[in-house]
Protein chains: 2
Amino acid sequence: MGINAKDVARLAGVSQSTVSRVFFGGASVTEKTRKKVLAAAEELGYTPNEFARSLITNKTNIIGLVMKGVKNPFYPQVLKEFALEFKKLGYGILFVHTNNYEIEKEDISMLLKYNVAGVIITDAALSLYVTEDFKKNQIPLVLFNRKTEKQDFYSVGTNNMAAGRKIAEYLIAKGCTDMVYISGERNTSTSIEREKGFFDVLEKHQLPYKRYDSDFSYQGGYETTKKVISEGNIPSAFFAANDIMAFGVLDALREHSIAVPEETKVVGFDNIDMANWPTYNLTTWEQPISDMVQETVKYMMSEIEEYTGRTGKVKIPGQLIERKTT
Amino acid sequence: MGINAKDVARLAGVSQSTVSRVFFGGASVTEKTRKKVLAAAEELGYTPNEFARSLITNKTNIIGLVMKGVKNPFYPQVLKEFALEFKKLGYGILFVHTNNYEIEKEDISMLLKYNVAGVIITDAALSLYVTEDFKKNQIPLVLFNRKTEKQDFYSVGTNNMAAGRKIAEYLIAKGCTDMVYISGERNTSTSIEREKGFFDVLEKHQLPYKRYDSDFSYQGGYETTKKVISEGNIPSAFFAANDIMAFGVLDALREHSIAVPEETKVVGFDNIDMANWPTYNLTTWEQPISDMVQETVKYMMSEIEEYTGRTGKVKIPGQLIERKTT
DNA sequence: AACTATTTTGAATACGTATTCATAATCAAA
DNA sequence: TTTGATTATGAATACGTATTCAAAATAGTT
């Protein structure tokens, strides 16, 4: 179909090998022939065929990015940052949306078929066989903002437990005495860790607390809060496991004319753009997306350079962003 | 590195050709050998190398999806729908985030290098040379929710002008007399068309109107409304070119204690999930994402099957969703 | 059984590139 | 210039698959 290296070689009066050397870089080519080749390539509109290239090198410049939630604006933001960062490095992004809670066999297959250079899983959980599939093929894998009980991965996240603790201390300092934690899906490490840090501190201070199980969604925060209100005891503070649930909390409170931060306080998690919108003005914990992305990319590139399969848990510190809901 | 067809062939006691035939489909293979091969493949964990495949067929199962805005939740939603739809058909998605207003040369190059089967551009604008690059390579292209002045593309969107008209008629019927349109970026077809339909009707009714230029962002809607308020004349209705701007409008109004829908009314566009949140309860125009995606996929697949380069403008009708802001 | 028509299979080849290995060209030093 | 060392180039090959072409096996018919 298209123009190939042989065509360019013919026009430039050199061999195909030389054309390859010009475009691959790192090899020794005379300045004169390089110019000849580049001129010919320009004239013909030649672009190296990435597939043939990958066939030889057994490497691709594609990173697989697996994502589940797009309703939480946090994740599109993450996607964007990854896209920009990898673009700088000449890598493309194969986007895989996984619908179910766990990454599906189909999704893995897609990633393997295209021999991705690395995989980032941002939202979904993954089970054992996934481990094996990627390890067997020496494909570096990063769990972004999620961990499994098993330790054999590299994961990048924020220090959820410390954040939970800090938030508890902050609320106590503000005079809160009894608090409610609204969890995300109960099997996600993020929700569990935030809860643990939060409750640890409350227990140490012998303060009463209660957990309501929800699902990281706006509706979840909203309905849960309505339930809390209907039970009659308004706590002195709500800590929601992410921002959009906190928005649901705030809207439910507003609907019942419960003043924030006077009658009760609300803290979220993520610090998505919307947290700064005047309607919400939400006090929340900032997840340093850029730093987390940078860290992920750094590991990924080093593992692509030379695969070691090393594991680890990197926790990028975040910070409390104080606004008007506390 | 990994397992290849030859390995499977050896284990199954057949030739590589037969393995290929089993996995490519459409060819004639005995049920018995098929089972043997599949068993061997399963045992070894074989997946056909898509790159070698593409080298032969000169086709890929990758669709390039170019997107600019991720702050507007409308687009992540679109991304998700495309991902799911194409996954069903065995296609992967190469996600390209373009930062600038126009799709960049770098982005095009990425798409060409990977020889994508088709390209969908959702948000960004594109200039002439892009046209040529894709046409030359017979790569089908769809403009999703955007059009250019040039007619030589296939575009899928909603009928923005008709929607603008309907919204105007609706507001007039509600008794509004002077209205404000808050535009998106001035060079986007969507914003221009919505405006045109809207103003056409108002002019016909000889009603006063005014346009404020904004940028499709929440901040834009918010600041613009503050400006409108500071000018002293509160219009009887705002029509914002998308929902998140409408949210900005509502928040600005709320801040100034201007009652909606009593003192003024607000209409958005898109009907993103958030429009249904209790804080906003926004009356808006629903863009039928699913239908638009379906239509895009249909065209894409037919052009992949057999490239014709045919152009057209498909407009999927939407509908007014009436909530509490009017 | 004998033959033909059809289906299934294997060997060989092509796709476009990177890379090894050998050869040719260039350079440095005497 | 001669020699030796370095560099630039080309021919050949490999990557993993789809596909053509011929051979083998099977089914169908008499």
Side-chain angles (χ1 to χ4, degrees), chain A residues 1-38 40-41 44-62 90 109 112-117 136-139, chain B residues 1-38 40-41 44-62 90 109 112-117 137-138:
Chain A
M1 250 257 14
I3 308 297
N4 59 24
K6 215 176 281 179
D7 298 329
V8 176
R10 201 175 305 127
L11 180 59
V14 298
S15 74
Q16 178 265 323
S17 319
T18 301
V19 174
S20 172
R21 278 188 268 258
V22 168
F23 278 88
F24 197 67
S28 50
V29 183
T30 296
E31 194 51 35
K32 207 174 66 178
T33 56
R34 171 188 308 279
K35 276 187 182 164
K36 267 197 305 186
V37 168
L38 288 178
L44 296 175
Y46 168 72
T47 322
N49 183 319
E50 203 67 23
F51 292 92
R53 207 169 241 196
S54 293
L55 193 54
I56 297 276
T57 61
N58 199 30
K59 284 176 183 168
T60 66
N61 289 331
I62 301 182
S109 156
L112 290 178
K113 273 195 327 192
Y114 285 103
N115 197 15
V116 292
K136 198 191 294 175
N137 294 355
Q138 306 215 333
I139 296 176
Chain B
M1 249 279 356
I3 307 299
N4 61 23
K6 214 175 282 178
D7 299 328
V8 176
R10 200 176 305 125
L11 180 60
V14 299
S15 73
Q16 179 267 322
S17 319
T18 301
V19 174
S20 171
R21 277 188 270 257
V22 169
F23 279 87
F24 197 66
S28 49
V29 184
T30 295
E31 193 53 33
K32 207 173 65 177
T33 56
R34 172 190 305 280
K35 277 187 182 164
K36 267 196 304 188
V37 169
L38 288 178
L44 297 176
Y46 167 72
T47 322
N49 183 318
E50 203 67 23
F51 291 90
R53 208 170 239 195
S54 294
L55 192 54
I56 297 277
T57 62
N58 200 31
K59 284 176 184 170
T60 67
N61 289 331
I62 301 181
S109 156
L112 289 179
K113 271 197 327 194
Y114 285 103
N115 197 15
V116 292
N137 294 6
Q138 304 216 333

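Letters A, B, ... are given to chains in the order of the sequence lines, protein chains preceding strands, and every chain is numbered from 1. Computed over heavy atoms, backbone and side chain alike; hydrogens, waters and symmetry mates excluded.
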Quiz item: Between B/Ser17 and B/Ser20, does any side-chain donor sit less than 3.5 Å from a side-chain acceptor?
Solution: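 No, B/Ser20 and B/Ser17 have no side-chain donor paired with an acceptor closer than 3.5 Å.
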
Nearest whole Å is fine: how far is [N] [atom2] from [X] [atom1]?
X        : N      : atom1 : atom2 : value
B/Leu55  : C/dT17 : CG    : P     : 9 Å
A/Asn61  : C/dT17 : CG    : C1'   : 14 Å
A/Phe51  : D/dT17 : CZ    : C1'   : 13 Å
B/Asn115 : C/dT17 : CG    : C1'   : 14 Å
A/Lys6   : D/dA11 : NZ    : P     : 11 Å
A/Arg10  : C/dG16 : CZ    : C1'   : 13 Å
B/Glu31  : D/dT26 : CD    : C1'   : 16 Å
A/Tyr114 : D/dT17 : OH    : C1'   : 14 Å

Just compare [options] and give me whichever is closest to any side-chain atom of [X].
X       : options                : result
A/Arg53 : D/dT19, C/dT17, D/dG16 : C/dT17
B/Thr57 : D/dC15, D/dA18, C/dA18 : D/dA18
B/Pro48 : D/dT17, D/dT9, C/dT9   : D/dT17
B/Ser15 : D/dG16, C/dA11, D/dT9  : C/dA11
A/Val14 : C/dT9, C/dG16, D/dG10  : D/dG10

Using a heavy-atom cut-off of 4.0 Å across all strands, would you classify A/Gln16 as base, sugar-phosphate, or nothing?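 Here A/Gln16 touches the bases of the nucleic acid.
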
**Asked** Contact class for B/Val19 (heavy atom, under 4.0 Å): base, sugar-phosphate, or nothing?
**Response** nothing

Judged by nearest nucleotide, the residue sitting upstream toward the 5' end of DNA chain D, A/Arg21 or A/Ile56, is A/Arg21

message: If you compare all heavy atoms of B/Ala12 against all heavy atoms of B/Val37, which two are closest, and at what distance to 0.1 Å?
response: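 Answer, listing the atom of B/Ala12 first, then B/Val37: CB-CA, 4.1 Å.
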
Is there side-chain contact between A/Ile139 and A/Leu112, with at least one heavy-atom pair below 4.5 Å?
-> yes

Do A/Asn4 and A/Asn49 touch side chain to side chain, with heavy atoms closer than 4.5 Å? no

Can you spot which of A/Ile62, A/Asn58, A/Thr57 makes a side-chain contact (heavy atoms from CB on, under 4.5 Å) with A/Thr60?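 Output: one option passes, namely A/Ile62.
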
Distance check: side-chain N/O of [X] vs OP1/OP2 of [N], anything under 4.0 Å?
X       : N      : value
B/Asn4  : D/dG16 : yes
B/Ser17 : D/dT19 : no
B/Ser20 : D/dG16 : no
B/Thr33 : C/dT9  : yes
B/Thr18 : C/dT8  : no

Inset, instruction - Anything under 30° is parallel, anything over 60° is perpendicular, the rest tilted; go ahead and classify B/Phe51 against A/Phe51. - result: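 Plane angle between 30° and 60°, so tilted.
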
